[in-house]
Amino acid sequence: MTVEVVNFGCRLNSYEGEVIRQKAEEAGLSGALIFNSCAVTSEAERQVRQAIRKARKENPAAKIIVTGCSVQVHPEMYAAMAEVDKVIGNQEKLEKSGYTFVMEGNEKALVNDIMSVKETASHMVTSFDGKARAFVQVQNGCDHRCTFCIIPFGRGPSRSVPLGDIVAQVRKLVESGFNEVVLTGVDISDYGKDLPGQPTLGQMMRRLLALVPELLRLRLSSIDAVEVDEELYRLLAEEPRLMPHIHISLQAGDDMILKRMKRRHLRKDALDFCARVRSLRPDVVFGADIISGFPTEDEAMFENTLRLVDEAGLTYLHVFPYSSRPGTPAAKMPQVAKTVRKERAGRLRAAGEKQLQAYLASRVGTKAQAIVEKERLGRTEHFSLVELNRDCMPGSVVEVEIVDVTPHLLQGVVTGLRHAAGMR
């Protein structure tokens, strides 16, 4: 074993996991397990600690290093674990010096003030182990303070990667053989507000697609619908290389709960956004993050959120029972019983499953272009999983005719090769 990175949580952590591996190896670190933690829920933190204890039993001689958002927020919790050798912060994990500290430092923890970080460096990552698509970080941190969220304290202020750095990385990824790139960050809707001229997310994407015409598919991670700029709307209408799958940071569908969450949108804003995007790109598919059982949520408020799944036509739901995060305003509000949170989460997931099954059934008889994730498994433009009738090269894009559907999977017959996978 040289360096193994175990990522928890978001897509940004998956991207940063590759940076971590790269920086650790540059520093000469070996025989190490690095846990890149998540702090979004107490359950996520429990899973990290459980994985650390299991890893120590199975790898008694390994160096165990813990980093990520949970470490940034609770460094003392991990420093106190006997199974852990070193603890480094969210900024230090992306720097070679962080792993020099791991090898040479006498102290157990190196976690600096993330709020003092003013820039996000561009990290050139050209290899994503086992991934058909590549992730590119365009932004980090968050300037907003939703009452339930601890992540700004783990990630620091919003800061954007300059266009030139993004273009250079995407161009290199395409040269390395990647046919699809996902733009990721903590709050990518805020892209550019800290850069000269304050370019918007849509403007950056327009320039990126123009400057890297060889890029076959571009996809967005989660966005805040109310912050979408006019240029991004135009891209959705005009640019076929921008995939028709939009994941919304929604969280709730009741105005009072949204206000208590301190979100930037109301229920009507979400409905208007979905309707406008559908008018521009009729085949678009929406996903959404939703929290069930937020403090003070009563049954009527929950029903407003539940109805929004159908009214907005949300297909892919990420549902989370509310998790109280110490230090956030929501933790001081009247709490909904955990059993109720879980029960409501179950009802939301059932509503999402119904929407997904209806959508998948509607695709039978249509054609799609799928990027191959494994030999017989692909992902369509709309982010649907499709089981292929024959082995294909991972990373390639194939033409597929959808002939049937099973739970969570389309069944497809490969009719041609759209674009081969390159050398990685």
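Side chains included, hydrogens not; waters and symmetry mates left out as well; all remaining heavy atoms used.
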Discussion item. Could you walk me through whether Val3 and Tyr99 satisfy the side-chain contact (heavy atoms from CB on, under 4.5 Å) test, starting with their C-alpha distance in whole Å, then the side-chain angles of each, then the deciding distance to 0.1 Å, before giving a yes or no?
Written reply: CA-CA 11 Å; Val3 175; Tyr99 302 98; over 6 Å; no
Discussion item. Taking Glu231 first and then Arg206, would you say they form a salt bridge - that is, a charged N and a carboxylate O separated by under 4.0 Å?
Written reply: yes
Worksheet item: Yes or no on side-chain contact (heavy atoms from CB on, under 4.5 Å) for Glu297 and Asp254, after CA distance, side-chain angles and deciding distance?
Response: CA-CA 9 Å; Glu297 182 187 74; Asp254 177 82; over 6 Å; no
Worksheet item: So do Phe148 and Ser323 actually touch side chain to side chain, heavy atoms under 4.5 Å?
Response: no
Worksheet item: Any side-chain heavy atom of Leu235 sitting closer than 4.5 Å to one from Leu209?
Response: yes
Worksheet item: Can any side-chain N or O of Thr328 pair as donor or acceptor with the backbone N or O of Ile150 at less than 3.5 Å?
Response: no
Discussion item. Under a plain distance cut-off of 3.5 Å, with no hydrogens placed, do Gln22 and Glu18 share a side-chain donor-acceptor pair?
Written reply: no
Fill in: salt bridge (Lys or Arg N to Asp or Glu O under 4.0 Å) partners of Asp187, counting only residues at least two apart
Arg264
Response to the item:
Contacts satisfying ring-ring contact (aromatic ring centres under 6.0 Å, His included) that involve residues 315-335 (not counting sequence neighbours) are His245-Tyr316, His247-His318, Phe294-Tyr322
Discussion item. Checking the side chain of Gln335 only, and the main-chain atoms of Met333 only, is there a donor and an acceptor separated by less than 3.5 Å?
Written reply: yes
Worksheet item: For the atom pair CG (Leu94) and CD (Gln137), what is the distance rounded to the nearest 0.5 Å?
Response: 7.0 Å
Discussion item. With a sphere of 6.0 Å drawn around CZ of Arg171, does it hold more than 12 non-hydrogen atoms of other residues, nucleotides or ligands?
Written reply: yes
Worksheet item: Can you find a side-chain donor-acceptor pair between Ser37 and Glu45 that sits under 3.5 Å?
Response: no
Worksheet item: Which atom pair, heavy atoms only, marks the closest approach of Ala55 to Phe35?
Response: CB-CZ, 3.5 Å
Practice prompt. Please examine the side chains of Arg344 and Val340, heavy atoms only from C-beta on, and report whether any two atoms are closer than 4.5 Å.
Written response: yes
Practice prompt. Would you check if the side chain of Arg56 reaches a backbone N or O of Glu83 as a donor-acceptor pair within less than 3.5 Å?
Written response: yes
Worksheet item: Which pair of non-hydrogen atoms, one from Ala32 and one from Ile65, has the smallest distance, and what is that distance?
Response: CB-CD1, 4.0 Å
Fill in: Heavy-atom check, side chain of Leu314 versus side chain of Leu250, under 4.5 Å
yes
Worksheet item: Would you say Glu381's side chain and Gln369's backbone share a donor-acceptor pair under 3.5 angstrom?
Response: yes
Worksheet entry | Closest non-hydrogen atom pair between Ala351 and Leu306, with its separation | CB-CD1, 3.9 Å
Fill in: Heavy atoms from other residues, nucleotides or ligands near CD of Glu107 exceed 12 (cutoff 6.0 Å)
no
Worksheet item: By salt bridge (Lys or Arg N to Asp or Glu O under 4.0 Å), which residues pair with Arg341, not counting sequence neighbours?
Response: none
Worksheet item: Side chains of Arg363 and Ser384: do they bring a donor and an acceptor to under 3.5 Å?
Response: no
Discussion item. With a 4.5 Å cut-off on side-chain heavy atoms, are Lys23 and Ser97 touching?
Written reply: no
Fill in: Presence of salt bridge, Arg133 and Glu373, under 4.0 angstrom
yes
Worksheet item: Does Arg267 reach the main-chain N or O of Gly253 with its side chain, forming a donor-acceptor pair under 3.5 Å?
Response: yes
Practice prompt. Look only at the side chain of Asp85 and the backbone of Ile64, and say whether a donor-acceptor pair between them is shorter than 3.5 Å.
Written response: yes
Discussion item. Run Phe178 and Val136 through side-chain contact (heavy atoms from CB on, under 4.5 Å) and show every step you take.
Written reply: CA-CA 12 Å; Phe178 285 97; Val136 172; over 6 Å; no
Practice prompt. Output yes when a side-chain donor or acceptor of Thr67 lies under 3.5 Å from a complementary backbone atom of Gly89, and no otherwise.
Written response: yes
Discussion item. Measuring only between side-chain heavy atoms, which start at C-beta, is Arg145 closer than 4.5 Å to Phe153?
Written reply: yes
Item to complete: Give, for atom CD1 of Ile223 and atom CD1 of Ile248, the distance between the pair rounded to the nearest 0.5 Å.
Response: 7.0 Å
Fill in: Inter-residue atom distance Arg159.CZ - Asn140.CG, 0.5 Å rounding
4.5 Å
Discussion item. Does this structure show an ion pair linking Glu238 with Arg234, if we count only N-O contacts that are shorter than 4.0 Å?
Written reply: no
Item to complete: Using modelled atom types only, decide if a donor and an acceptor are shared between the side chain of Asn36 and the backbone of Asn13 within a distance under 3.5 Å.
Response: yes
Fill in: N-O pairing of Arg379 and Glu180 below 4.0 Å
no
Worksheet item: Which atom names give the shortest non-hydrogen contact between Thr184 and Leu12, and what distance separates them?
Response: OG1-N, 3.6 Å
Discussion item. For Arg21, is there an ion pair with Glu25 - N to carboxylate O distance below 4.0 angstrom?
Written reply: no
Fill in: Where Gln139 and Ile188 come nearest, the two heavy atoms and their spacing
OE1-N, 3.7 Å
Discussion item. Strictly distance-based, threshold 3.5 Å: is any side-chain N or O of Arg241 a donor or acceptor partner for the main-chain N or O of Leu215?
Written reply: yes
Worksheet item: Do Arg219 and Phe383 meet the cation-pi criteria used here (NZ or CZ under 6.0 Å from the six-membered ring centre, within 45° of the axis)?
Response: no
Worksheet item: Between the side chains of Asp194 and Ser160, does any donor sit under 3.5 Å from an acceptor?
Response: yes
Discussion item. Measuring from atom OG of Ser292 to atom CD1 of Ile257, what distance do you get when rounded to the nearest 0.5 angstrom?
Written reply: 11.5 Å
Worksheet item: Distance only, no hydrogens: is a donor on one side chain within 3.5 Å (strictly under) of an acceptor on the other, for Arg263 and Ser249?
Response: yes
Worksheet item: Could you state the interatomic distance from CD1 (Ile88) to CD1 (Ile20), rounded to the nearest 0.5 Å?
Response: 7.0 Å
Worksheet item: Is there a donor-acceptor pair closer than 3.5 Å between any side-chain N or O of Ser70 and the backbone N or O of Ala39?
Response: no
Item to complete: Using a cut-off of 6.0 Å, state whether more than 12 heavy atoms not belonging to Met256 lie near its atom CE.
Response: no
Item to complete: List the steps, then state whether salt bridge (charged side-chain N to carboxylate O under 4.0 Å, His left out) holds for Arg281 with Asp283.
Response: CA-CA 6 Å; Arg281 192 82 171 259; Asp283 66 327; 3.7 Å; yes
Discussion item. Does Met103 have more than 12 heavy atoms from other residues, nucleotides or ligands lying within 6.0 Å of its CE?
Written reply: yes
Discussion item. Do Asp289 and Ser222 make a side-chain contact, defined as non-hydrogen atoms from C-beta onward lying under 4.5 Å apart?
Written reply: yes
Worksheet entry | Distance-only donor-acceptor check, side chains Asn112 and Glu92, under 3.5 Å | yes
Worksheet entry | Any side-chain heavy-atom pair of Val19 and Lys93 under 4.5 Å | no
Fill in: Polar contact flag, side-chain donor to acceptor under 3.5 angstrom, Ser189-Asp224
no
Discussion item. Let's go through Arg276 and Glu230 carefully: what are the C-alpha distance in whole Å and the side-chain angles of both, what is the deciding distance for salt bridge (charged side-chain N to carboxylate O under 4.0 Å, His left out) to 0.1 Å, and is it a yes or a no?
Written reply: CA-CA 11 Å; Arg276 182 176 179 184; Glu230 290 301 316; 2.7 Å; yes
Worksheet entry | Ion pair check, Glu16 and Arg155, cut-off under 4.0 Å | yes
Worksheet item: Does the side chain of Asp190 pick up a donor-acceptor pair with the side chain of His144 at under 3.5 Å?
Response: yes
Practice prompt. Would you name the heavy atoms of Leu195 and Val161 that are closest together and state the gap between them?
Written response: CD1-O, 4.0 Å
Worksheet entry | Met261 CE to Thr296 OG1 distance, which is reported to the nearest 0.5 Å | 9.0 Å
